[in-house]
Amino acid sequence: MAALARWCYRHRLVVLVLWVGALLGVGAAGSQAGTDYANVFSLPDTDSKRAYDLMTEAFPQAAGDTDTVVWKVDEGSVRDDAVRERLEPALKEIGAMAGVGEVSSPYTEQGATQISRDGRTAYAQVTFAEQANAVPKALVEDVVETAQDAERDGLQVELGGQAITRIQEPPTGLAEMVGIAAAAIVLFLAFGSLFAMLLPIVTAVFGVGMGMMGTSLLSHVTDVPEVAPLLGSLIGLGVGIDYALFIVTRHRRGIQRGLDPEESAVTALNTSGRAVLFAGGTVCIALAGMLVMNMRFLDGVVIGTSLTVVMSVLAATTLLPAMLGVLGPKVLSRRQRRKLAANGPESDEVTGAAARWSGFVQKRPRSIAFLAVVVMAALAIPVLSLRLGATDQGNHQESTTTRQAYDLLAEGFGPGFNGPLQLVSQGGDTGLLERVEDTEGVAAAVQLPVPAGSDVSVIQVVPTTSPQSVETDELIDRLRDDVIPAAGTETHVGGVTAVFKDFAAVTGERIPLFVGAIIGLGFLLLLIAFRSLVVPLTAAVMNLVAAAASFGVLVAIFQWGWGAEALGLGKEGPITAFLPVIMLSLLFGLSMDYQVFLVSRMHEEWVHTKDNARAVRVGLAETSRVINSAALIMICVFSAFVLSGDMEGAMAGIGLAAAVALDAFILRTALVPAAMHLLGRSNWWLPDWLEKRLPHLAVEPKEDVPAPVESVDAAVPAQRTGGASAVHGFLRTPDGEAVADAVLTLVSRGGRQLDRVDSLADGSYILAAPGPGSYLLAVTATGFAPRARHVMIGEDPLVYDVELAWEEQVDAVN
């Protein structure tokens with residue numbers, strides 16, 4: 001990792017040109033090829049899939065997308081001449097538009113059933129020549145404008161359908177831009193530097209851009225659903241900015257502690273960069289866990305999101321060090337650079353609110369753990385009423401024409417009209433139609449005409465209840481379990497409502513296997529990385545707690561409707577069937593990220609001191625600030641997807657934002673460290689027989705220095721082993737004069753500060769080393785340019801004199 005980081009740092013222009021060229025090349029290829037997204041919701045070996053196959057056989061030349069024009073009069077009838085004179089010319093004009101295949105009017109003999117029984121509501125079906133995604137938006141806008149021009153006082157005209165929904169969506173990229181802007185504000189507040197703020201954003205934009213363009217190209221060779229690029233950009237922006245944030249934070253800390261910019265960048269990539277690789281791998285593994293669900297729809301989601309995560313990790317580990325090389329010390333703000341020059345390197349000890357909170361958690365672990373558990377349990381209660389299903393235009397905001405059309409159809413023709421069922425059979429259907437008409441929950445049933453020569457029979461059933469109601473699900477079960485078997489025919493129940501019911505049922509059955517798979521893989525990875533049984537077990541429990549609480553928030557907002565309309569999220573309804581699988585994958589991956597960044601620092605301290613209390617305290621103090629900043633960024637990015645115009649995107653955004661907030665602010669900075677304080681040394685327990693059989697996968701780089709012996713009392717510094725040594729010498733100017741009050745810091749190759757002293761009046765210094773090995777000696781003094789050099793210390797003390805150059809001379813050369 002260090003070699004790659006150093007190469008990218010030194011060959012920064014080459015790396016930048018390669019990344020820009022790759023992004024432009026993939027973008028040009030994607031623009032030229034276009035997209036070929038396909039929503040394959042049906043599942044093999046389900047009743048609705050068999051019905052779909054028979055429908056495809058009966059209607060092989062299915063037309064394009066069919067949308068609906070609905071109108072209602074306040075008084076009189078839609079058959080009145082005054083109404084017909086306004087609607088018939090409009091429908092005729094729509095039918096004559098290029099790209100419109102057919103318009104079925106209720107004012108024809110065949111369209112008589114398209115008028116409600118009370119005569120106040122009617123609808124016309126507009127069939128386009130293409131499917132919704134291929135219909136030009138300009139054509140859809142012309143259809144809407146022409147239809148709504150027919151409105152007058154007492155006559156309401158609305159439109160519904162997939163093509164109509166597309167023109168209601170906000171501009172493409174709005175959610176991403178809002179999320180990036182919010183993340184930029186958080187980064188600027190965290191760093192106080194414009195350049196440092198831009199680094200994570202540029203890194204994430206390159207990673208997400210490559211991932212989304214690559215996903216669009218892959219859609220031509222495999223089934224990728226439309227929601228995949230949205231979810232890919234959502235997770236890509238979140239992890240891309242966060243991964244770069246962790247590395248940049250470590251890099252800035254290294255410079256502030258006296259490291260040369262290049263050495264600081266290499267150290268940051270060799271420490272936080274390793275954690276980023278590990279975290280990115282865990283996210284991809286969690287996403288790949290969706291494959292155990294055996295759903296073709298989810299396969300495309302795995303491809304799109306995993307590709308974006310991989311590109312984000314690649315950008316963070318190659319593009320970012322190149323940009324760090326371009327900026328050099330300017331990654332710090334001017335104030336920080338002036339402070340470094342005046343006061344020398346900062347102390348290795350963490351101070352401020354993070355250190356105080358860490359100390360508070362150490363003093364009161366039981367109280368904090370109890371409060372955290374109570375909060376998470378309370379938020380998880382709504383998950384007990386979780387109901388999976390499908391969202392439709394009835395969940396849109398009340399102000400949209402699609403929601404208005406949905407409500408008018410439900411009011412005029414019954415709530416089940418928006419989600420009819422199809423009973424499809426091959427051969428005769430003797431007596432089935434009559435049985436269906438007499439079934440409880442059926443508002444109407446009619447035999448549909450099929451092409452001549454086809455032996456497929458189709459009965460369209462309109463339920464008395466809405467597509468999302470529990471009663472409609474019960475009607476489907478009643479038809480499958482009682483009515484159809486009693487008729488003695490092999491008939492299958494299909495339609496969008498039945499497809500999503502089957503999808504939800506299969507999802508519910510397979511989720512335990514899916515959760516077990518990703519928890520098991522995560523447990524194994526953490527076990528290998530941290531050589532502990534308790535740490536991965538704690539992580540698994542915390543992941544389940546975070547999942548339950550975040551789904552509780554999701555149910556309260558979207559299913560119970562608590563604040564949904566006020567937030568502009570539309571009407572309450574069931575949780576989309578495929579969302580739990582996707583959310584659990586993303587949630588487990590992100591939770592693992594925070595666990596890795598938190599525990600890796602604790603583990604690093606544990607390896608050096610063997611003091612659990614100190615390890616947990618230092619690990620929390622040093623990582624809580626960056627974890628909270630990263631969480632704020634993810635919350636901003638995820639919440640912005642409420643603006644995506646997509647209900648599934650809004651659900652995923654709100655759910656993940658809640659999950660990240662709870663995970664970062666309650667679990668990782670309160671419950672996890674409190675539990676680790678209570679567990680004590682047991683956190684790092686691993687049986688000897690298992691230790692010998694586990695492969696080695698270190699998140700932290702291997703130190704070149706021997707570890708100190710164990711300290712029983714945290715207040716007493718651990719004593720070094722007998723192999724300790726030292727480096728000493730004099731500091732001189734180019735004229736040979738002594739340099740007093742310079743700050744000298746000895747740093748391990750892993751970036752750990754080992755000793756720090758000020759030079760004496762005669763320029764002499766002495767630094768203690770824990771043992772023979774390679775170290776970094778950093779020197780700063782007021783008026784002189786900072787200097788950092790590698791030194792090799794043997795068994796005997798090393799004599800090493802340092803000549804410092806005047807700052808003005810260095811500036812003149814630069």
So the ring-ring contact (aromatic ring centres under 6.0 Å, His included) pairs with at least one residue in residues 509-529 (sequence neighbours excluded) are none
May I ask you to test the Leu587-Asn543 pair for a side-chain heavy-atom distance under 4.5 Å? no
Is the backbone of Ser48 close enough, under 3.5 Å, to the side chain of Asp502 for a donor and an acceptor to pair up by distance? yes
Tell me if a side-chain donor or acceptor on Ser312 pairs with a main-chain N or O of Ala204 at a distance below 3.5 Å. no
To check you understand the geometry: which heavy-atom pair defines the closest contact between Trp7 and Val15, and what is its length? CZ3-CG2, 3.7 Å
Counting only N and O atoms by type, is there a donor-acceptor contact under 3.5 Å from the side chain of Thr282 to the main-chain atoms of Ala279? yes
List the steps, then state whether side chain to side chain contact (heavy atoms under 4.5 Å, CB included) holds for Ser385 with Val555. CA-CA 8 Å; Ser385 62; Val555 169; 3.8 Å; yes
The reported gap from CE in Met583 to CZ in Phe588 (rounded to nearest 0.5 angstrom) is 10.5 Å
Is there side-chain contact between Val248 and Leu320, with at least one heavy-atom pair below 4.5 Å? yes
Taking the side chain as C-beta and beyond, is there a heavy-atom pair between Trp19 and Thr318 under 4.5 Å? yes
Tell me the closest heavy-atom pair linking Gly289 and Ile518, and the distance in Å. CA-CG2, 3.7 Å
Could you give me the CA-CA distance, side-chain angles and deciding distance for Thr308 and Met311, then say whether side chain to side chain contact (heavy atoms under 4.5 Å, CB included) is met? CA-CA 5 Å; Thr308 307; Met311 289 294 104; 5.8 Å; no
Spell out, as yes or no, whether a donor-acceptor pair under 3.5 Å connects the side chain of Glu622 to the backbone of Leu598. no
Whether Ser629 side chain and Val626 backbone form a donor-acceptor pair below 3.5 Å: no
Shortest non-hydrogen contact between Ser306 and Cys284, atoms and distance: O-SG, 4.1 Å
Atom pair CG/CE of Leu218 and Met213 - distance to nearest 0.5 Å: 12.0 Å
What are the two closest non-hydrogen atoms of Leu245 and Ile633, and how far apart are they? CD2-CD1, 3.9 Å
Please find the pair of heavy atoms, one from Val276 and one from Ala316, that lie closest to each other, and give the distance. CG1-CB, 4.4 Å
Are the side chains of Leu690 and Leu533 in contact, using a 4.5 Å heavy-atom criterion? yes
State, with a plain yes or no, whether a side-chain heavy atom of Phe278 is found less than 4.5 Å away from one of Leu526. yes
Side chain to side chain, Tyr594 and Met634, heavy atoms closer than 4.5 Å: yes
In this structure, CD1 of Ile575 is separated from CG of Leu554 (nearest 0.5 Å) by 4.0 Å
Main chain of Arg531, side chain of Glu691: is a donor-acceptor contact present, judged purely on distance under 3.5 Å? no
To the nearest 0.5 Å, tell me how far Leu379 CG sits from Ile666 CD1. 6.5 Å
What's the separation between atom CZ in Phe558 and atom CE in Met651, rounded to the nearest 0.5 Å? 5.5 Å
Can you sort out the partners of Asp663 under salt bridge (charged side-chain N to carboxylate O under 4.0 Å, His left out), two or more places apart, ordered by chain and number? Arg668
Between Thr271 and Ala268 (side chain of the first, backbone of the second, donor and acceptor by atom type, cut-off under 3.5 Å), is there such a pair? yes
Near Arg252 CZ, under 6.0 Å, is it more than 12 heavy atoms from other residues, nucleotides or ligands? yes
For the residue pair Asp299 and Val224, establish whether any side-chain heavy-atom pair is separated by less than 4.5 Å. no
Just verifying a value: how many Å separate Leu584 CG and Met290 CE, rounded to the nearest 0.5 Å? 10.0 Å
Could you walk me through whether Leu527 and Ser532 satisfy the side chain to side chain contact (heavy atoms under 4.5 Å, CB included) test, starting with their C-alpha distance in whole Å, then the side-chain angles of each, then the deciding distance to 0.1 Å, before giving a yes or no? CA-CA 5 Å; Leu527 173 66; Ser532 162; 5.9 Å; no
Heavy-atom closest pair (Leu388 atom, Pro580 atom, distance to 0.1 Å) is CD2-CG, 3.5 Å
Mark yes or no for whether Asn628, through its side chain, and Ser624, through its backbone, hold a donor-acceptor pair below 3.5 Å. yes
Test side chain to side chain contact (heavy atoms under 4.5 Å, CB included) on Trp562 and Val553 and set out the steps. CA-CA 10 Å; Trp562 288 7; Val553 173; over 6 Å; no
Are the side chains of Val535 and Trp684 in touch, meaning some heavy atoms are under 4.5 Å apart? yes
Ala286 backbone acceptor or donor facing Ser585 side chain under 3.5 Å: yes
